[in-house]
Amino acid sequence: MPEPVDAVEMRTALAGLRRTSGLPVAFGGLLSDARHARIAELDGARTGALRGLMISAGSGLGGKAIALARPCAVTDYPVSRHISHEYDTAVAAEGLRSVVAVPVVVRRTVRGVLYGALRTPVSLGDRTFDAAVAAARDVEQALAVRDEVRELLALTQEQAAAGPGTAPGAWEGVREAHRELRTLAPRVADPALRDALLAVCGRLASASGARATPAAAMEVRLAPREVDVVACVAAGATNAAAARQLGLRPETVKGYLRSAMRKLGAHTRLEAVVAARRAGLLP
């Protein structure tokens, strides 16, 4: 059974934090509600004392970071006067002294907290802070992409079911949603969510009133990235703009477009878009 995207992204971010900062311990978790985060992932820990610990907003170092929505650090956790000490037992069991905590913030809402720590009481420098913030940003981006995908999926399910009867103005919205979903797909780490996203893309494309017969559609097979590029072209994007949207080099976009045009029997960008729609590859 595949792991939730939260666990995968958090674990990757913590490993990256240790690698870039040199900190021996990293841990963190997401909020279960507006005021509580559970420590679910540990990297470099010697004990399980921190695992499952529920952090309340305002309590301890992580709780302070959650409440203030900004990074916080202490040089010597057990004796710090700048934090409360509800979690001293678990921190002492792991032998942590210098600790930095960074909130994970998506759309101005705190969604989790990441920690990096040393077992000696030393002042943490800018490199450590930068690495911790970068790790939190990685998780933020993953969560933001997942949120956007789910919102688009919810908005397009109804439109996909409506099919060619959709009003012309609304159908342009369907086409734009299709392009956005295909652009986001490669950035989705959760396989189940990515499969659901691509399935909706397929429904949106096949719902077009101008789609070809099944036999004609079978004759045209474009690679996923070729479809992505043609979808961007259909929205009026230049090769450079499509490259930015898809995270590709302009030369790579040109290559995909040339290949797609050849398969579609098209001589111009417009002909490629029309042919892709007739083949049921685009809405």
Side-chain angles (χ1 to χ4, degrees), residues 1-74 77 83 86-106 109-119 124 127-147 149-150 187-194:
M1 182 177 180
E3 292 183 290
V5 63
D6 302 345
V8 175
E9 295 295 346
M10 183 67 71
R11 190 174 300 123
T12 301
L14 295 177
L17 172 56
R18 289 189 65 201
R19 183 175 60 255
T20 57
S21 68
L23 294 172
V25 187
F27 51 101
L30 299 182
L31 269 67
S32 55
D33 56 43
R35 293 187 55 82
H36 300 89
R38 187 177 72 86
I39 304 302
E41 299 298 330
L42 309 173
D43 195 312
R46 294 172 179 169
T47 74
L50 297 168
R51 188 178 299 280
L53 199 64
M54 191 65 74
I55 307 299
S56 299
S59 299
L61 182 65
K64 183 177 180 180
I66 292 170
L68 297 178
R70 62 175 175 80
C72 299
V74 293
Y77 194 105
I83 59 172
E86 293 88 344
Y87 313 113
D88 281 8
T89 300
V91 171
E94 191 57 45
L96 305 182
R97 305 294 290 276
S98 295
V99 186
V100 59
V102 182
V104 174
V105 184
V106 180
T109 299
V110 178
R111 299 277 292 273
V113 61
L114 270 67
Y115 300 80
L118 287 164
R119 295 187 174 90
L124 299 173
R127 177 188 171 190
T128 300
F129 269 86
D130 290 346
V133 169
R137 296 296 174 268
D138 288 343
V139 179
E140 289 168 3
Q141 291 176 12
L143 293 177
V145 168
R146 187 188 65 175
D147 291 350
V149 167
R150 286 181 172 169
R187 299 164 55 194
V188 176
D190 183 357
L193 181 57
R194 186 168 58 249

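Below, each value reflects all heavy atoms present in this structure, side chains not excepted, and no hydrogens, waters or symmetry copies.
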Can you tell me how far apart [atom1] ([X]) and [atom2] ([Y]) are? Round to the nearest 0.5 Å.
| X | Y | atom1 | atom2 | result |
| --- | --- | --- | --- | --- |
| Leu30 | His36 | CG | NE2 | 15.0 Å |
| Thr128 | Leu118 | OG1 | CG | 7.0 Å |
| Leu23 | Leu124 | CG | CG | 6.5 Å |
| Arg35 | Ile55 | CZ | CD1 | 13.0 Å |

[X] versus [Y]: any side-chain heavy-atom pair under 4.5 Å?
| X | Y | answer |
| --- | --- | --- |
| Ser98 | Tyr77 | no |
| Leu96 | Leu50 | yes |
| Met54 | Ser32 | yes |
| Arg38 | Leu53 | no |
| Leu14 | Arg18 | no |
| Pro71 | Val133 | yes |
| Met10 | Leu114 | yes |

For [X] and [Y], which heavy atoms make the closest approach, and how far apart are they?
| X | Y | value |
| --- | --- | --- |
| Gly29 | Ala37 | O-CB, 4.4 Å |
| Ala132 | Val100 | CB-CG1, 4.2 Å |
| Pro103 | Ala136 | O-CB, 3.9 Å |
| Leu17 | Ala26 | CD2-CB, 4.0 Å |
| Pro24 | Ala117 | CD-O, 3.2 Å |
| Tyr87 | Ser56 | OH-N, 3.0 Å |

For this session: Spell out, as yes or no, whether a donor-acceptor pair under 3.5 Å connects the side chain of Arg111 to the backbone of Val106.
Result: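 Flag not set: sc Arg111 to bb Val106 has no pair under 3.5 Å.
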
Exercise. Judged by atom type as modelled, is there a donor-acceptor pair below 3.5 Å linking the side chain of Thr20 to the main-chain atoms of Gly16?
Worked result: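 Yes; at least one donor-acceptor contact below 3.5 Å.
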
For this session: Just do the side-chain contact (heavy atoms from CB on, under 4.5 Å) check on Arg119 and Val25 with the steps written out, would you?
Result: CA-CA 8 Å; Arg119 295 187 174 90; Val25 187; 3.3 Å; yes

Exercise. Mind checking what makes side chain to side chain donor-acceptor pair (under 3.5 Å) contact with Thr47, not counting sequence neighbours?
Worked result: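 In terms of side chain to side chain donor-acceptor pair (under 3.5 Å), with neighbours along the sequence ignored, Thr47 is linked to Glu94.
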
For this session: Identify which one of Val113, Val110, Leu143 satisfies the side-chain contact (heavy atoms from CB on, under 4.5 Å) criterion when paired with Val104.
Result: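 That would be Leu143; it is the only one of Val113, Val110, Leu143 passing the side-chain contact (heavy atoms from CB on, under 4.5 Å) with Val104.
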
Exercise. What residue pairs, at least two apart or across chains, pass salt bridge (Lys or Arg N to Asp or Glu O under 4.0 Å) with a residue in residues 127-144?
Worked result: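 The answer is Arg137-Glu140.
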
For this session: Quick one: do Val99 and Tyr115 satisfy side-chain contact (heavy atoms from CB on, under 4.5 Å)? Show the steps, please.
Result: CA-CA 7 Å; Val99 186; Tyr115 300 80; 4.0 Å; yes

